[in-house]
Structures are given as structure tokens and as C-alpha cells.
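So the structure is just underneath, and the comments pick up after that.
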Amino acid sequence: MTSKWIRLRDRLAGKTEPEPLWTDGIPDHINVPIRDWLYDVLRRFGMALPWRCA
């Protein structure tokens with residue numbers, strides 16, 4: 001059985017779909033900091049490759 005997690009207050013309010021946690025794309029003002037953070041985390045576990053700009 002697979003189901004989406006929905007906050008209790010949303011279920012009690014009758015909502016059937018969770019609110020999106022992440023929308024399409026990353027806002028420009030946090031794009032680079034998020035990529036840097038993610039690269040650092042992945043690098044610590046030996047799973048990172050340098051980012052390449054296309």
C-alpha cells in the first residue's frame with residue numbers, strides 16, 4: 001500500500017492532496033547555495049561529481 005503523507009490538520013480540514021513541498025524549479029536566489037550544499041553533502045559520502053554548467 002502506497003499513500004502520500006498528509007498533515008493531520010490538512011486531513012481534518014478535508015484536504016485530499018498534500019501541498020507541494022517543492023515547486024517546478026528552484027528560485028534563482030537560492031539556486032547556487034542549494035547546489036553548493038548538496039554537492040558538499042554528496043562529496044562527504046563519495047557520491048559527488050563536479051557541477052557542469054551547460
Side-chain angles (χ1 to χ4, degrees):
M1 177 178 172
T2 303
S3 62
K4 295 179 183 177
W5 182 84
I6 302 173
R7 289 182 284 193
L8 177 60
R9 68 177 171 208
D10 290 342
R11 285 184 286 165
L12 293 174
K15 294 182 181 178
T16 58
E17 291 292 322
E19 294 180 18
L21 297 175
W22 203 270
T23 58
D24 291 337
I26 299 172
D28 291 337
H29 67 282
I30 60 171
N31 190 2
V32 172
I34 286 178
R35 287 178 183 260
D36 290 345
W37 169 80
L38 182 58
Y39 175 72
D40 187 49
V41 170
L42 293 175
R43 185 174 48 92
R44 290 180 191 176
F45 292 96
M47 301 184 331
L49 296 174
W51 294 107
R52 295 184 183 199
C53 297

Is the CG atom of Asp40 crowded by more than 12 outside heavy atoms at less than 6.0 Å? yes
Can you tell me how far apart CG (Leu12) and CZ (Arg7) are? Round to the nearest 0.5 Å. 12.0 Å
The remaining residues in the hydrophobic cluster of Val32, counting side-chain heavy-atom contacts under 4.5 Å among Ile, Leu, Val, Met, Phe, Trp and Tyr, are none
